[in-house]
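First comes the structure, then the notes that go with it.
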Amino acid sequence: MGSEIPDILSAEFAADPYPAYKILRDEAPLYHHEAMQSYIVSRYEDVERVFKDQVFTTANYDWQLEPVHGKTILQLSGREHSVRRALVAPAFRGSELEEKFLPVIEKNASELIDGFRSAGSVELVSQFANRFPISVIVDMLGLDKSDHDRFQKWYTSIIAFLGNLSQDPDVAAAGVRTKEEFAEYMIPIIRERRSNLGDDLLSTLVTAEIDGETMSDEDVKAFCSLLLAAGGETTDKALASMFALLLQHPEQLEAVRADRSLIDRAFAESLRFYPPVHMIMREPSEDVEIAGGVIPAGSTVTALIGAANRDERHYKDPDTFNIFRDDLNVTSAFSAAADHLAFALGRHFCVGALLAKTEVQVASNMLLDAMPDMELEEGFTPQEKGVFTRGPAELRVRFTPA
């Protein structure tokens with residue numbers, strides 16, 4: 001394609017991918033990246049199709065996810081996928097989420113905020129966003145809170161493995177090691193929980209049954225591993241990104257502070273503007289014509305969510321953060337009918353979307369209450385980092401202690 005097409009493995013891209021995304025959408029909506037051995041699509045309509053069209057399978061997760069998680073629900077298709085999804089989905093929506101897990105979410109947010117409530121300043125990424133969703137998941141599963149640092153280390157290692165686009169052997173080895181350590185930790189707990197059921201998500205998973213089918217110890221372990229990585233990394237970055245954006249747009253922050261029903265709008269728009277996951281891969285089961293070219297069966301396709309969510313063919317003024325935009329449907333933003341792509345779409349739409357929404361609602365309300373006059377520390381500008389997943393490296397905030 002010539003040297004003008006940006007390389008998504010370059011340092012320039014990692015520093016600021018958005019100009020590169022525009023070049024890709026305009027000049028190379030389908031191109032083959034040699035080093036990644038992947039076809040890359042970047043326009044909204046093409047990324048949407050990759051998520052919705054059943055010809056694009058999740059067979060790529062056999063090598064991308066299984067080495068660190070074991071076989072997960074993401075790799076399954078057809079009846080096997082729908083049965084497994086039906087086993088785990090109830091915990092993440094409706095009355096179970098409201099009654100069982102809302103108190104867990106509130107308790108964890110409150111405990112973390114108590115750590116800096118009277119300090120007058122806080123680094124929101126390390127002191128809150130990094131810890132909050134993992135703490136919630138550990139509590140939901142009924143695991144030992146004192147093992148928090150191990151969970152943090154494991155999920156960081158798993159995410160590094162998934163985003164190892166340049167195939168660094170040390171990162172790959174650390175991911176495989178994590179799988180072994182996590183299995184050694186979890187399998188005995190899963191077996192013990194089968195004999196001593198509690199009122200937690202792990203007990204729900206070990207007893208869940210549809211048409212006489214239950215999940216094996218290995219299934220449950222793989223799901224817990226996936227939950228820690230997917231539920232930790234994404235909510236952590238989404239929450240930090242939303243506050244970084246609001247703090248840089250004080251008039252919108254003021255609007256949200258005055259009317260808390262706008263939190264969902266702010267969250268939906270930040271998912272569009274700064275999605276926590278910038279790329280998801282798929283594998284076509286047959287040759288597919290898309291974006292003016294053909295992707296051969298069995299290839300890897302990289303769908304650039306970060307590019308598609310800024311496509312001017314789909315959104316007005318896409319490079320402006322605006323929680324009041326009228327071309328983003330907030331009502332459907334956390335369902336499989338979403339018109340942003342941050343949670344993917346179709347049958348593999350993120351099962352934890354409503355959990356993430358609930359966590360962000362609770363955390364945002366509590367943070368706004370605890371720091372009513374919060375602002376960025378003087379001279380500090382948030383910087384995003386990451387390629388596969390992306391969010392603020394730091395978020396230094398000052399406020400008058402209540």
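Positions are given from 1 along the sequence.
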When you measure from the centre of the six-membered ring of [Y], is the NZ or CZ of [X] under 6.0 Å away and within 45° of the axis?
{"X": "R310", "Y": "Y18", "value": "yes"}
{"X": "R313", "Y": "Y44", "value": "no"}
{"X": "R49", "Y": "F56", "value": "no"}

Straight-line distance of D326 CG to N329 CG, nearest 0.5 Å: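 Interatomic distance, D326 CG to N329 CG, rounded to 0.5 Å: 11.0 Å.
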
When rounded to the nearest 0.5 angstrom, what distance separates CD in Q152 from CG in L228?
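Answer rounded to 0.5 Å: 10.0 Å.
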
For [X] and [Y], which I'm curious about, is there any donor-acceptor pair between the side chains at under 3.5 Å?
{"X": "D311", "Y": "Y21", "value": "no"}
{"X": "T300", "Y": "N60", "value": "no"}
{"X": "Q361", "Y": "T358", "value": "no"}
{"X": "Y155", "Y": "D236", "value": "yes"}
{"X": "S38", "Y": "T302", "value": "yes"}
{"X": "R260", "Y": "N365", "value": "yes"}
{"X": "K237", "Y": "N130", "value": "no"}
{"X": "H249", "Y": "N322", "value": "no"}

Would you call [X] and [Y] a salt bridge, taking side-chain N to carboxylate O under 4.0 Å as the test?
{"X": "E312", "Y": "K22", "result": "yes"}
{"X": "K107", "Y": "D139", "result": "yes"}
{"X": "E378", "Y": "R396", "result": "no"}
{"X": "R193", "Y": "D200", "result": "yes"}
{"X": "R177", "Y": "E180", "result": "no"}
{"X": "R390", "Y": "E384", "result": "yes"}

### Query
Passes side chain to side chain contact (heavy atoms under 4.5 Å, CB included), S364 versus V256? Steps please.
CA-CA 10 Å; S364 301; V256 174; over 6 Å; no

field: Evaluation steps, salt bridge (charged side-chain N to carboxylate O under 4.0 Å, His left out), between R43 and E48
entry: CA-CA 9 Å; R43 288 182 182 170; E48 180 184 39; over 6 Å; no

Tell me if the aromatic rings of F321 and Y274 count as close, with their centers under 6.0 Å from one another. no

* Result of checking K145, R131, E359 against N108 for side-chain hydrogen bond (donor to acceptor under 3.5 Å, both in side chains) ->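 Only match with N108 under side-chain hydrogen bond (donor to acceptor under 3.5 Å, both in side chains): K145.
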
*Above 12 or not: heavy atoms from other molecules or residues under 6.0 Å from CD of E289?*
no

Give the ring-plane orientation class for F151 versus W154, where under 30° counts as parallel, over 60° as perpendicular and anything between as tilted.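 It falls in the perpendicular class, over 60°.
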
- Could you check D217 against V206 for side chain to side chain contact (heavy atoms under 4.5 Å, CB included), going step by step and ending with a plain yes or no? CA-CA 8 Å; D217 292 351; V206 298; 5.9 Å; no

